[in-house]
Amino acid sequence: MAVRVQEADFDVGTEFNRFTQGRVDLGGVALFVGLVRGDGQSVSAMTLEHYPGMTERQLEAIEAEARKRWKLDDALIVHRAGRMLPGERIVLVMTGSAHRKDSLEACHFLIDWLKTKAPFWKFEEGPLGGKWVDAKETDDAAAKRWGE
Amino acid sequence: MAVRVQEADFDVGTEFNRFTQGRVDLGGVALFVGLVRGDGQSVSAMTLEHYPGMTERQLEAIEAEARKRWKLDDALIVHRAGRMLPGERIVLVMTGSAHRKDSLEACHFLIDWLKTKAPFWKFEEGPLGGKWVDAKETDDAAAKRWGE
Amino acid sequence: MKILYFASLKAKTGVGAEDVTLPASVATLADLAAWLKSRGDGFAEAFADLRTVRAAINQEHAEFDVPVKDGDEVAFFPPVTGG
Amino acid sequence: MKILYFASLKAKTGVGAEDVTLPASVATLADLAAWLKSRGDGFAEAFADLRTVRAAINQEHAEFDVPVKDGDEVAFFPPVTGG
């Protein structure tokens with residue numbers, strides 16, 4: 001189990017290989033990689049600010065919650081902060097379990113939480129300048145799926 | 001959209017990087033990697049036999065079905081055949097979409113289908129020799145989730 | 001006609017692929033299975049219970065009442081176990 | 001007391017982090033916000049509507065009726081937008 005918040009990019013292959021290295025107990029590994037989406041017009045860059053210390057604690061807490069709800073053999077969250085351009089990786093969730101249902105559902109649960117409740121604030125730059133993004137209602141609906 | 005059935009191993013990082021290279025339209029990529037599970041005792045190796053030609057056509061058909069049901073910008077299935085040892089990768093499903101829900105659900109749908117309906121036959125080797133595995137009822141239940 | 005056998009059916013018949021000339025009596029997949037069954041112990045065992053046998057004609061799943069003809073590629077295999 | 005401001009609250013106050021000595025009038029987070037509000041236009045704007053402000057004490061979310069004391073690390077920020 002591990003949680004990392006970092007400015008640096010991460011490499012999906014490296015993380016996957018490290019996660020599975022030498023293990024024969026995992027039947028499946030589910031991954032989700034969030035990327036900066038951009039149509040090349042409205043959003044030219046995105047910056048994520050966070051509260052170092054509090055962020056890691058909350059990410060560790062949600063990972064522990066996922067372990068309580070599903071049978072996971074391992075889990076990893078890597079979340080970037082700082083300025084990112086369209087196409088760049090933002091977040092990686094990886095869950096490993098003996099049976100695919102556990103890893104898939106836990107991965108879905110974690111990324112829904114990360115995208116809606118994780119203590120990050122988004123600043124978007126566009127042709128008219130930059131602005132802090134308001135919290136979204138629709139994403140709260142996704143989190144409600146999990147009984148929150 | 002692509003489907004590959006191969007004896008050779010695949011590299012998750014290479015596949016992910018190729019999948020996302022130069023794209024800014026993907027908000028999220030969901031992946032699932034199936035692995036040979038083994039406790040080191042009951043199953044020492046697994047062989048997947050398939051029907052070349054028919055397999056690829058069925059995999060292409062299910063990928064097309066996933067594209068009909070969810071908004072996907074891209075999808076990839078890589079499935080190995082042949083003899084594999086515990087810890088080895090068997091299958092990779094990768095789906096990319098603007099919104100995470102589509103890619104996550106489509107990935108779950110595809111791997112449920114692959115694990116239950118894909119035209120592969122499993123031969124397991126253990127301390128008492130080898131045997132062809134019978135089709136499982138429980139996995140059919142997972143596929144029924146998707147209205148089949 | 002080309003006939004393919006997979007997995008446990010290949011193990012039982014001892015044959016992976018063969019070319020056969022259909023006798024006039026064979027009109028459907030069920031007829032074909034019945035005729036193959038008469039070809040020896042391995043085949044008799046492989047086709048003993050058709051409920052455990054699946055078939056495809058030209059790489060499409062087919063029920064046993066479907067007609068077959070020379071030139072078809074027919075395959076017999078157990079229910080798939082998935083990947 | 002250490003006070004941190006994040007995102008739009010940092011932009012409005014012009015301050016990321018500061019150390020303050022609490023006046024005796026400040027017992028709760030709400031008192032603290034009221035006092036900060038009196039420190040200038042940027043602060044007045046930042047704390048104009050507390051329904052849009054979230055707070056944490058020692059890195060745990062806290063409601064505005066929770067007591068604060070010297071030595072706490074208090075943070076103010078807008079509702080999170082997720083990653």
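Basis for what follows: all heavy atoms, side chains included, without hydrogens, waters or symmetry-related copies. Naming: A, B, ... by sequence-line order, numbering from 1 per chain.
- With a threshold of 4.5 angstrom between heavy atoms, Y51(A) approaches chain D through its backbone and through its side chain.
- Defined by atom type and a distance below 3.5 Å, a donor-acceptor pair is present between the side-chain atoms of E18(D) and Y5(D).
- At least one cation-pi condition fails for R67(A) and W70(A): the charged atom is not both under 6.0 angstrom from the six-membered ring centre and inside a 45 degree cone around its axis.
- Centroid-to-centroid, the aromatic rings of H61(D) and F77(D) come within less than 6.0 Å.
- Only the backbone of L114(A) has a heavy atom closer than 4.5 Å to any heavy atom of chain D.
- With a 4.5 angstrom heavy-atom cutoff, W121(A) touches chain D via backbone and side-chain atoms both.
- Taking the six-membered ring for Trp and the full ring otherwise, F32(A) and H108(A) have centroids separated by 6.0 Å or more.
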